[in-house]
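The block underneath contains the structure these notes are about, expressed in structure tokens.
In what follows, chains are A, B, ... by sequence order, proteins preceding strands, each numbered from 1.
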2 protein chains.
Amino acid sequence: MAFEGADPGTVRPGGRTARVRASVLRAAGDALAEHGFAHLDLADIARRAEVGKTTVYRRWGTVTGLVADLLLDMAEQSLPRTETGSLLGDLKANARLVQRTLADPRQGALFKAVIAAATCEAKTAQALHRFYDIRVEEWAPCVQQAIDRGEVPEGTDAHEVIRAVSAPLYYRLLTGSGHLDEAAADQAAEAAVAAARAGAYLIDRSEC
Amino acid sequence: MAFEGADPGTVRPGGRTARVRASVLRAAGDALAEHGFAHLDLADIARRAEVGKTTVYRRWGTVTGLVADLLLDMAEQSLPRTETGSLLGDLKANARLVQRTLADPRQGALFKAVIAAATCEAKTAQALHRFYDIRVEEWAPCVQQAIDRGEVPEGTDAHEVIRAVSAPLYYRLLTGSGHLDEAAADQAAEAAVAAARAGAYLIDRSEC
DNA sequence: TAGTTAACGAAACTGGAGTCCCGTTATGGC
DNA sequence: GCCATAACGGGACTCCAGTTTCGTTAACTA
């Protein structure tokens, strides 16, 4: 006898259950990239995934719930970061990775849709938050190395520097100001380095 | 005899038509702030606005269409910018204005919803784009003044500097990393100034 | 490898978002 | 002030997103 409140998919997570999840999440990504967050239909996703409509509703319930799970899945697939030996080089590599992702029609649309979904439900917002935490955590060490090399002042908030690289690219993506080209990526990296050198991202900021 | 294709509200825009628009846009803002973009119901907005459901559907049709019109309305109400005499002072004033707006529960939720809506339809995205263009245009002169004073190198892209101030605040709002407090606003302003001084926002960037 | 039951899937069902119809109100031009 | 008609509003209607039901399939355990 199972505990009544257990979520479907948690007791027998292997085999078919895992295949269904993978198939549905892939279909969800495709559908989000194509139709955007608003014009999304779970029945359409079920059709693409060759899965029963009932299954999608039972396991994920809502579009935002499905996106939250998609984000958990996306968070697990992290790309290895490159190391170039200088902070500017590392951050440019990071910026170009973000830029290429957001400029790609499918991926860019997907990220827009995922961000839109996150504004609509706390659980989805939390999943998005977690996704970016992981990405930032992945890249933060290159800032620490720069601190160790003396490129950037002691006490610089490494996480904040990484976020500073992404922020202008996402801002452009969402507000639609200008193209997301390599120049934009390089500019974001250079601005972050210049600001970090000047001590704009020091952790202890009691007086400036 | 009227031209069949004319949109409702364009032939007799005064009196009742204007009152209905104002009432519906206010109700739409309230509803967006409360329920978010996804859980929005045009019938609910009609009820709040004390207007017929049919009217809302006839004039705006969809949620994204209504948000697009709301953005046109928001773009018209611009706040006067303050002048402090230094670039850092001006940008801090700008940053704090943005931060206070986004940190405010109602306004913050409204902006999230509006951005979400803009990811779902081109017309709405264009309206959002236009809204930010106006805001950026409004604040760009303070960067030009800094260039004239010699605070910042000749050829600095004034618009890009203004966007650089907002970007990290919006990034925090959407990805949910940390609180949007005054320290975040000041940091955004300081980082923008430092990057601008270092020439990160020069227009001609053939080689760096 | 057999038994238990978690998880899936097809089909019927339902409620409410969005549409349509037509009578009423009030704007803008004279 | 008066007329033509743009724009509004109530109510009936439709259609499909989301739910419920129940029979089928296939994980996990021993």
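- The CG atom of Asp90(B) sits 7.0 Å away from atom CH2 of Trp139(B), with the distance rounded to the nearest 0.5 Å.
- As judged by a 4.0 angstrom heavy-atom cut-off over every strand, Thr10(B) is placed among residues touching the sugar-phosphate backbone only.
- Residue-to-nucleotide contacts include a donor-acceptor pair under 3.5 Å from the side chain of Thr54(A) to the base of dA10(C).
- Between Asp44(B) and Arg48(B), at least one side-chain N (NZ, or NE/NH1/NH2) sits under 4.0 Å from a carboxylate O, which counts as a salt bridge.
- Contact annotation: Arg16(B) side-chain N/O to dG9(D) OP1/OP2 distance is not under 4.0 Å.
- In this structure, Asp44(B) places its CG atom 12 Å from P of dG18(C), rounding to the nearest Å.
- For the pair Leu66(A) CG and dA17(D) P, the interatomic distance rounds to 16 Å; values are reported in whole Å.
- Nucleic acid contact for Gly9(B): sugar-phosphate only, since backbone atoms but no base atoms lie under 4.0 Å from a heavy atom of the residue.
- Using a 4.0 Å cut-off between charged side-chain N and carboxylate O, Glu137(A) and Arg130(A) make no salt bridge.
- dA17(C) atom C1' lies 18 Å from atom CH2 of Trp60(B), rounded to whole Å.
- Closest to the side chain of Arg12(A), out of dC8(D), dT5(C), dG9(C), is dT5(C).
- In this structure, Lys92(A) pairs ionically with Glu190(A), as a charged nitrogen and a carboxylate oxygen lie closer than 4.0 Å.
- Across all strands shown, Arg58(B) has heavy atoms under 4.0 Å from base atoms, whether or not it also approaches the sugar-phosphate.
- Taking atom CZ on Arg47(B) and atom C1' on dG9(D), their separation rounds to 15 Å, with Å as the unit.
- Side-chain N/O atoms of Arg19(A) include one lying less than 4.0 angstrom from OP1 or OP2 on dA27(D).
- Atom C1' of nucleotide dT19(D) and atom CG of Leu42(A) are separated by 13 Å, given to the nearest angstrom.
- Note: CD (Glu50(A)) to C1' (dC8(C)) measures 15 Å, nearest angstrom.
- For Lys53(A), the listed nucleotide lying nearest its side chain is dT19(D); candidates were dT19(C), dT19(D), dA6(D).
- For Tyr57(B), whose side chain is taken as the heavy atoms from C-beta onward, the closest listed nucleotide among dC28(D), dG18(D), dT19(C) is dT19(C).
- Comparing dA6(C), dA17(C), dC8(D) against the side chain of Asp41(B) picks out dA17(C) as the nearest.
- At whole-Å resolution of the value, CD1 in Ile45(A) and P in dC8(C) are 16 Å apart.
- Here Arg21(B) lies out of heavy-atom contact (under 4.0 Å) with every strand.
- Atom CG in Asp7(A) sits about 13 Å away from atom C1' in dA6(C), given to the nearest Å.
- Nearest-nucleotide positions on DNA chain C for Gly15(B) and Arg59(A) put Arg59(A) closer to the 5' end.
- With respect to the salt-bridge test (charged N to carboxylate O, under 4.0 angstrom), the residues Glu138(A) and Arg135(A) do not qualify.
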